[in-house]
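One structure below.
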Amino acid sequence: MKKNILLSLFSGLLLWLAWPPMHYTTVFLFFGLVPMLVAIENIINSTSTKKGKLIFNTTFPGFFVWNTLSIYWVYNALKMIGEVVAVPVTLIPYALGPLLMSAACWLYYRLRLATNRTFGLIGLVCFWIGYEYLHQSWDLNFPG
């Protein structure tokens, strides 16, 4: 369990390193999700009960790290209003993105139960694209 959470957190850090303003780190996007997928695979192959809940609870911290470190500027933009307001308001975008990302991983697990690994991974790509589309087209998206 602890190993899977460490893999998830490592994945979140790798994915964060791939985002600007750091130069020459974009290559981390090619393998940043690999530790997370290994953690998911470890859970699927384990003898634990409630694997779906375990997958969600394992992936959420990694995605939370990635999301929080990538959009730290939201807090910096709001703290001039006051920290009492800025902290709860920034928790919404900090937690909502990882919630949707973890939901895509949970849906992958559910599809994987019904099919095999190949169809599950194809489904994961589709779930992730669906998450990205939702995140860009609803009222809580970032100004572009």
Side-chain angles (χ1 to χ4, degrees), residues 1-22 24-79 83-144:
M1 174 69 177
K2 189 182 283 189
K3 176 184 164 188
N4 292 332
I5 291 180
L6 288 174
L7 284 169
S8 175
L9 293 172
F10 181 61
S11 187
L13 289 173
L14 282 175
L15 291 166
W16 166 67
L17 285 173
W19 293 102
M22 297 177 212
Y24 310 112
T25 58
T26 307
V27 70
F28 291 141
L29 282 176
F30 290 111
F31 56 88
L33 275 177
V34 170
M36 185 83 67
L37 293 173
V38 169
I40 292 171
E41 194 66 28
N42 289 342
I43 294 168
I44 290 172
N45 293 329
S46 73
T47 58
S48 327
T49 58
K50 298 186 179 182
K51 292 179 184 179
K53 182 178 179 181
L54 196 55
I55 285 173
F56 191 88
N57 290 339
T58 301
T59 57
F60 186 85
F63 289 137
F64 186 81
V65 165
W66 175 26
N67 201 45
T68 303
L69 292 175
S70 295
I71 62 170
Y72 68 91
W73 56 268
V74 173
Y75 173 76
N76 288 336
L78 289 173
K79 73 179 178 183
E83 290 192 23
V84 175
V85 174
V87 170
V89 170
T90 55
L91 285 177
I92 294 168
Y94 287 173
L96 204 53
L99 183 75
L100 293 171
M101 293 178 211
S102 294
C105 292
W106 180 81
L107 287 170
Y108 157 69
Y109 164 70
R110 298 300 300 175
L111 181 63
R112 172 102 184 260
L113 285 178
T115 61
N116 58 23
R117 183 185 301 173
T118 304
F119 284 121
L121 289 172
I122 292 169
L124 178 61
V125 170
C126 294
F127 297 140
W128 197 272
I129 291 171
Y131 143 72
E132 292 286 349
Y133 178 77
L134 171 70
H135 197 53
Q136 290 300 316
S137 59
W138 65 353
D139 289 338
L140 295 175
N141 66 347
F142 291 116

Between Thr90 (side chain) and Val87 (backbone), is there a donor-acceptor pair under 3.5 Å? yes

Could you state the interatomic distance from OG (Ser8) to NZ (Lys3), rounded to the nearest 0.5 Å? 14.0 Å

Begin from the C-alpha positions of Leu78 and Val85 and carry the test side chain to side chain contact (heavy atoms under 4.5 Å, CB included) through to its verdict. CA-CA 8 Å; Leu78 289 173; Val85 174; over 6 Å; no

Just how far is it from atom CG of Leu134 to atom CD1 of Ile129, taken to the nearest 0.5 Å? 13.5 Å

Asn116 side chain to Phe119 backbone, donor-acceptor under 3.5 Å: yes

Measure from the side-chain N and O atoms of Asn45 to the backbone N and O of Glu41, and report whether any donor-acceptor pair falls under 3.5 Å. yes

Ser11 side-chain N/O to Gly32 backbone N/O, donor-acceptor pair under 3.5 Å: yes

Derivation of the side chain to side chain contact (heavy atoms under 4.5 Å, CB included) call for Leu99 and Phe56: CA-CA 9 Å; Leu99 183 75; Phe56 191 88; 3.5 Å; yes

About how many Å separate CG of Leu15 and CZ of Phe31, when rounded to the nearest 0.5 Å? 10.0 Å

Between Trp128 and Tyr131, what is the ring plane arrangement, given parallel below 30°, perpendicular above 60°, and tilted in between? perpendicular

Between atom CD1 of Ile55 and atom CG of Leu107, what is the distance when rounded to the nearest 0.5 Å? 11.0 Å

Interatomic distance, Tyr108 atom OH to Arg117 atom CZ [nearest 0.5 angstrom]: 6.5 Å

Looking at the rings of Trp106 and Tyr109, which for Trp means the six-membered one, are their centres under 6.0 Å apart? no

Run the side chain to side chain contact (heavy atoms under 4.5 Å, CB included) test on Met1 and Leu54 for me, step by step, so that the C-alpha distance in whole Å, both residues' side-chain angles and the decisive distance to 0.1 Å come before the verdict. CA-CA 9 Å; Met1 174 69 177; Leu54 196 55; 3.3 Å; yes

To the nearest 0.5 Å, tell me how far Leu14 CG sits from Leu29 CG. 10.0 Å

Look at the side chain of Ser102 and the backbone N and O of Phe60, then say whether any donor-acceptor pair between them is shorter than 3.5 Å. yes

When you measure from the side chain of Thr25 to the backbone N and O of Leu17, does any donor-acceptor pair fall under 3.5 Å? yes

Say whether, by atom type as modelled, one donor and one acceptor occur between the side chain of Trp19 and the main chain of Ser70 under 3.5 angstrom. no

